[in-house]
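I'd like to ask some things about the structure below.
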Amino acid sequence: MSSSQPFLNSSPISLTAGHRRKSQFTYKHLSLLGQSSTSCPLRVIAHIDLDAFYAQCEGVRLNIAQDQPLAVQQWSGLIAINYPARKFGVKRFTTIGEAKKLCPDIILQHVATWKEGEERWAYHQDAFAHMATHKVSLDPYRLESRRILACIKDTLRGPPIQKVEKASIDEVFLDLSAQIHAVLLERYPELSGPAPYDDPTESLPRPPTTALDWNADALVDLDNSETEDDDPDWDDIAMLIGSEIVRTVRAAIRERLKYTCSAGVARNKMIAKLGSAHKKPNQQTVIRNRAVQQFLGDYKFTKIRNLGGKLGEEVVTKFATEEVKDLLLVPIEQLKSKVGDDTGSWLFHIIRGEDHSEVNSRTQIKSMLSAKSFRPSINTSEQAVRWLRIFAADIFSRLVEEGVVENRRRPKTINLHHRQGGQMRSKQAPIPSGRPIDEALLSDLAQNLLGQIVVDGRVWPCSNLQLSVGGFEDGPTKNRGIGGFLVRGDEAKAMITSKSENHGSFHATDTGLPMKRRKLEDGALRKFLTKSEMSRDEGEEDNDIDNLDTIEEHATLPYEHSEENRKSGSRTCEDVSSSLLGSNERMHEGIDIMDKVEQSQGPILTRQPSTETYTCIRCKRSISVHQKEEHEDWHFAKNLQSHENSTTSTIPVRDNENSAQQSNHVSQSKMPKKFTASRSGTPNALGKKVEKGQKRLAFG
Ligand code: DCP
Ligand code: CA
């Protein structure tokens, strides 16, 4: 942005003017602003949220007029509704039929899907009728999300260093403090001088202005104790500059990418986020420090981040109110005695608009998950494998975005969760280092994990499968190639011995067990699993999350069962419970061929007709030479299996939201701390209510 543009509607007055009063802020505060300190009272945070995001993506992609009503359909429900359609009363819970009645001109665009058996997602006209054989792809929206993020960063480009945190697929937080500091010094050179007597606790001079031009911003009214007649102080000026920067960013997104968004500008993340939702679409709301109490007082505290669920409910019950203004009257000691010391103290401060959480620009994806719930359940390995292939392709395409091809980042483990009846089981294996990750490798690893589950029995009918990769680590430094991923000791030996094998080799470890590798590409299980016809079961919505880190964060919050995770991992309890299980499991021996294969030897062996045979020295059977390799694989796997010390986690789970509670309970003692207490100290409460921004879908 150009800092030379005037933003004050009164001309600067000399700071040496005799009538000048002191600011309530000090030189120290000014310096903290430059450091983006979370405790700086001049701090300015912005939250930007795209309006009707998926709907805008489709509108832009299809070049549809901006006033044309449009909604994004997923199966038989609507997941995003643009603002022109909202005027007709179309909402997220509106049925397709009702939407057409309310707004006959509405365009309903189905989300892109991966069609079973196809290699890429696409926009399929008839996807809505094929829930069982299609899986939703959010790639188009992720791509747009990235373009928007890049545009924001480009517009802000420094110095000073940017602090931009991607909070979900269509939200970012910006800590504008350092930028604002630079602009302040440029526009008010008087501020750059040393503090009087070199004492940083000396007050700053008062800003040389009496009125600020807030342009078209929605300005939240000041607190009752304040008046617009009061002269602005530096926090107001900082907010104004922040607001100016945000306007520039929003204009760039609009001009370059055609998207509108709304924004909140305030002193912290919590208030900025409430601010962006305050006036939509295409507006920005500024909550000056002097307006915070007024702003929050009008809210129900259940709208505040972390208070939307069970904790919020508990507070409502204990204090018989949902209003912030009522809770403000409760002394801290009483809050502590009713909800516990930590939570009480946190609550006391949060309703007063105090939040020192950092805008973390280094938030990185820790794991990725692709999943589907099946209704009715699926009943064969063949069906499962078809989905695993799609999951693998889905995850791989996201890994590409994450820089896996260039070795910028790389996951270390792969996890498969499987639900049958009341049981959720999961298997995990390391992703072999020292070789490129590709779709086939992920698919092979996944199929092997499935094989492990199959051999344990009680597999079908299966109602949910989830494939995830995790344990991301940064790739080699600039001058190291793929070979730079270190391979040591046993692993290196194993790699050498498996060199002649194809890329699908894998290893899996159990604590203390030697690593073992098997060939997958032509393995018996793979062939067995892939040969039969496609699933025709009717499916349920997909669960599709690209950032389990977000889930971990949200795992501390109340959850309701939701089949959807459209907004970067904020909306599922099944996924939460399974990721908890996964994270606590020991690595499991990765054996690829199990009992199931034994039963299926017939079909495998007869699949490729051949006249040439040989007699297997181990089982003395006559085998086609074409199948020698896979037959030997089978023996190998049987051997491994007999040595296997299974570590499968079989934890009873109940349906829907209960599954999260139950699983959480079972594994509580092993849970990483981040699952048991939130950053802000709120208690773990995997419960019923949907957090704001985790709305339950109308279908499922
Ligand atoms: N989403 C979803 N299912 C939900 C909620 C959201 O699939 N239950 C998807 C579709 C939305 C996107 O996430 O377009 C962003 O969610 P928001 O809650 O920000 O909603 P919108 O961006 O659609 O609308 P708004 O203008 O209110 O932000
Ligand atoms: Ca949005």
Side-chain angles (χ1 to χ4, degrees), residues 46-61 66 69-87 90-94 99 106 108-113 128 135-146 148-149 152 166-173 250 253-254 257 259-264 272-285 303 305 308 371 540-547 550-551 554 559-573 575 689-700:
H47 179 257
I48 297 182
D49 183 306
L50 274 291
D51 301 320
F53 184 48
Y54 293 6
Q56 277 205 85
C57 289
E58 296 302 341
V60 168
R61 181 180 70 87
Q66 298 209 340
L70 180 152
V72 176
Q73 182 180 346
Q74 182 180 290
W75 314 132
S76 57
L78 300 179
I79 55 172
I81 296 96
N82 74 359
Y83 281 82
R86 290 187 202 189
K87 282 193 190 142
V90 182
K91 300 193 173 87
R92 214 171 253 152
F93 295 90
T94 310
I106 194 168
L108 299 177
Q109 173 61 47
H110 199 279
V111 294
T113 53
F128 66 93
K135 174 174 163 46
V136 166
S137 171
L138 300 182
D139 278 5
Y141 312 132
R142 286 196 195 100
L143 282 168
E144 291 308 285
S145 175
R146 277 185 203 108
I148 292 165
L149 190 66
I152 292 173
K166 184 173 190 253
S168 83
I169 197 161
D170 78 332
E171 290 169 88
V172 289
F173 284 106
R250 289 178 49 238
I253 298 172
R254 183 73 194 258
L257 305 173
Y259 292 105
T260 68
C261 55
S262 301
K273 185 165 162 68
L274 289 175
S276 69
H278 188 64
K279 287 242 164 90
K280 270 185 155 270
N282 199 18
Q283 294 197 59
Q284 61 187 62
T285 299
K303 299 274 181 214
R305 218 168 130 226
E540 196 174 81
E541 297 80 32
D542 318 5
N543 292 315
D544 190 328
I545 306 169
D546 66 359
N547 188 345
T550 315
I551 289 178
H554 284 274
Y559 266 93
E560 181 155 354
H561 175 68
S562 158
E563 299 300 339
E564 294 299 332
N565 305 288
R566 295 292 154 252
K567 214 166 169 182
S568 258
S570 62
R571 297 182 180 93
T572 175
C573 82
D575 296 319
K689 263 281 182 74
V690 187
E691 189 72 7
K692 186 171 189 289
Q694 300 166 1
K695 296 141 230 170
R696 182 205 275 266
L697 286 176
F699 49 93

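We count residues from 1, following the sequence as given. Atoms within each ligand, like the ligands themselves, are counted from 1 in listed order. All values reported here derive from a predicted model rather than from experimental measurement.
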Is it the side chain (CB and beyond), the backbone, both or neither of K280 that lies under 4.0 Å from ligand 1, heavy atoms counted?
-> side chain

Quick check: does F53 put an N/O/S atom under 3.0 Å from the Ca ion (ligand 2)?
-> no

Have a look at ligand 1 and work out which part of Q74, if any, has a heavy atom under 4.0 Å from it: side chain, backbone, both or neither.
-> neither

Per-atom filter on ligand 1: closer than 4.0 angstrom to a heavy atom of D51 are 26 (O)

Among N, O or S atoms, D170 approaches the Ca ion (ligand 2) most closely through OD2

Classify the side-chain pair Q73/Y54 by whether it contains a donor and acceptor separated by less than 3.5 Å.
-> no

Hey, looking at atom 22 (O) of ligand 1, which of F53, Y141, Y54 has the closest heavy atom?
-> F53

Is the distance from the Ca ion (ligand 2) to the nearest N/O/S atom of D49 under 3.0 Å?
-> yes

Would you say K280 has more than 12 foreign heavy atoms packed within less than 6.0 Å of its NZ?
-> yes

Does D51 bring an N, O or S atom to under 3.0 Å of the Ca ion (ligand 2)?
-> no

Is there any N or O on A52 that sits under 3.5 Å from an N or O of ligand 1?
-> yes

Hey, what's the ring geometry for F173 with H47, parallel, tilted or perpendicular (30° and 60° as the breaks)?
-> tilted

Give the numbers and elements of all ligand 1 atoms closer than 4.0 Å to a heavy atom of Y83.
-> 25 (P), 26 (O), 27 (O)

Spacing of I148 atom CD1 and D170 atom CG [to the nearest 0.5 Å] = 8.0 Å

Counting only heavy atoms, which portion of L50 has something under 4.0 Å from ligand 1: side chain, backbone, both, or neither?
-> backbone

Spacing of CG belonging to L50 relative to CZ belonging to R250, to within rounding of 0.5 Å | 10.5 Å

Among all residues two or more places apart in sequence or in another chain, which pass the ring pair (Phe, Tyr, Trp, His ring centres under 6.0 Å) test with F53?
-> none

Side chain, backbone, both or neither: D170 near ligand 1, heavy atoms under 4.0 Å = side chain

Rounded to the nearest 0.5 Å, what separation is found between the OG atom of S137 and the CZ atom of R142?
-> 6.5 Å

Which residues share a side-chain contact (heavy atoms from CB on, under 4.5 Å) with T285, sequence neighbours left out | A218, V220, H278, K279, I287

So which of R86, Q56, E58 gets nearest to atom 24 (O) of ligand 1, if we judge by its closest heavy atom?
-> R86

Is the shortest side-chain N to carboxylate O distance from E144 to R61 below 4.0 Å?
-> no

